[in-house]
Enquirer: 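I'd like to ask you about the structure that follows.
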Amino acid sequence: MRGDGGDGAIMERDGREVDATDRRMLELLLDNPRLSNRALARAIQMSPSSVGERLDRLQKSGAIRGFRAEVDPAALGYGLEVVVAIQLRQGKPVRDTVDSLRGISEVRSVQLVTGRWDLLLTLLVRDQLHLREILLGDVWSVADFQHSESMIILQAWSSATPLTAAPSDDGDDRPLGRATGS
């Protein structure tokens, strides 16, 4: 839903507004999450206290979900990443299965998907023996399986998050995180 003010603000489903200044701050944070309030304030020509208030509002509204350190799992001894596709039997609520799977420490994510599979898990394990232990001892005993398939990730590529807000009145609908020079 779009804002009515004609100021280019985008109204999100939960009622929060993301205006052009918020959008610029989000772009800068996607490019460098370690920017201080003072550096953000300089970049958008606003006082540090105003930037702090905007950041607090964006965090409370859920527009900013958090700030994280990205750690290489191999540095912690988890050198193998695996995708497990699961097809479930009918009957047990999917939510119960998902909650149980999320309780396994090696499970990095659980995704409900369409198509042949019902769930996709991403696991981080030390090695093939550890994978076997987790599958046989934890994963397969939790989910109401009909069939599953495990795939070891040999290499992964990722790109910057191509977030795009709904087009604003000023026509600025380029992806967030791809700030242009200024």
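Computed from a predicted model, the values in this text were never measured in an experiment. All heavy atoms count here, side chains included; hydrogens, waters and symmetry mates do not. The chain is numbered in sequence order, starting from 1.
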Enquirer: Within the 4.5 Å heavy-atom criterion, are R42 and L35 side-chain neighbours or not?
Expert: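 They are not in side-chain contact.
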Enquirer: Applying side chain to side chain contact (heavy atoms under 4.5 Å, CB included), name anything that partners V94, two or more places apart in sequence or on another chain.
Expert: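 Scan of V94 (side chain to side chain contact (heavy atoms under 4.5 Å, CB included), adjacent residues dropped) gives L88, V98, L112, L119.
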Enquirer: Report yes if the side chains of V82 and L135 come closer than 4.5 Å at any heavy-atom pair, otherwise no.
Expert: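 No, their side chains stay 4.5 Å or more apart.
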Enquirer: Looking at residues at least two apart in the chain, or sitting in another chain, which of them share a side-chain hydrogen bond (donor to acceptor under 3.5 Å, both in side chains) with S150?
Expert: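 For S150, no residue satisfies side-chain hydrogen bond (donor to acceptor under 3.5 Å, both in side chains) once neighbours in sequence are set aside.
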Enquirer: Do D22 and R57 have side chains that get closer than 4.5 Å, going by heavy atoms?
Expert: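 Yes. Closest side-chain heavy atoms under 4.5 Å.
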Enquirer: Any side-chain heavy atom of L28 within less than 4.5 Å of one from I44?
Expert: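 L28 vs I44: side chains touch.
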Enquirer: Donor-acceptor pairs under 3.5 angstrom involving side-chain atoms of residues 122-130: please list them, not counting sequence neighbours.
Expert:
residue, atom, partner, partner atom, Å
T122, OG1, S109, OG, 3.2
D127, OD1, L129, N, 3.2
D127, OD1, H130, N, 2.8
H130, ND1, R126, N, 2.8
H130, NE2, E106, OE2, 3.1

Enquirer: Considering only residues two or more places apart or on different chains, which pairs with a residue in residues 72-87 satisfy salt bridge (Lys or Arg N to Asp or Glu O under 4.0 Å)?
Expert: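 Sorted result for residues 72-87: E81-R108.
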Enquirer: Which pairs pass ring pair (Phe, Tyr, Trp, His ring centres under 6.0 Å) with one or both residues in residues 72-123, sequence neighbours excluded?
Expert: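 For residues 72-123, and leaving out neighbouring residues, the ring pair (Phe, Tyr, Trp, His ring centres under 6.0 Å) pairs sorted by first residue read W117-H147.
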Enquirer: If I take atom CD1 from residue I86 and atom CG from residue L121, how far apart are they, to the nearest 0.5 angstrom?
Expert: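 Between atom CD1 of I86 and atom CG of L121 there are 4.0 Å.
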Enquirer: With side chains defined as the heavy atoms from C-beta onward, is the minimum distance between V107 and D138 less than 4.5 Å?
Expert: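 Result no, sub-4.5 Å side-chain heavy-atom pair not found.
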Enquirer: Scan residues 32-41 for pairs that pass side chain to side chain donor-acceptor pair (under 3.5 Å), counting only residues two or more places apart or in two chains.
Expert: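 As it turns out, there is no side chain to side chain donor-acceptor pair (under 3.5 Å) pair with a partner in residues 32-41 once direct neighbours are skipped.
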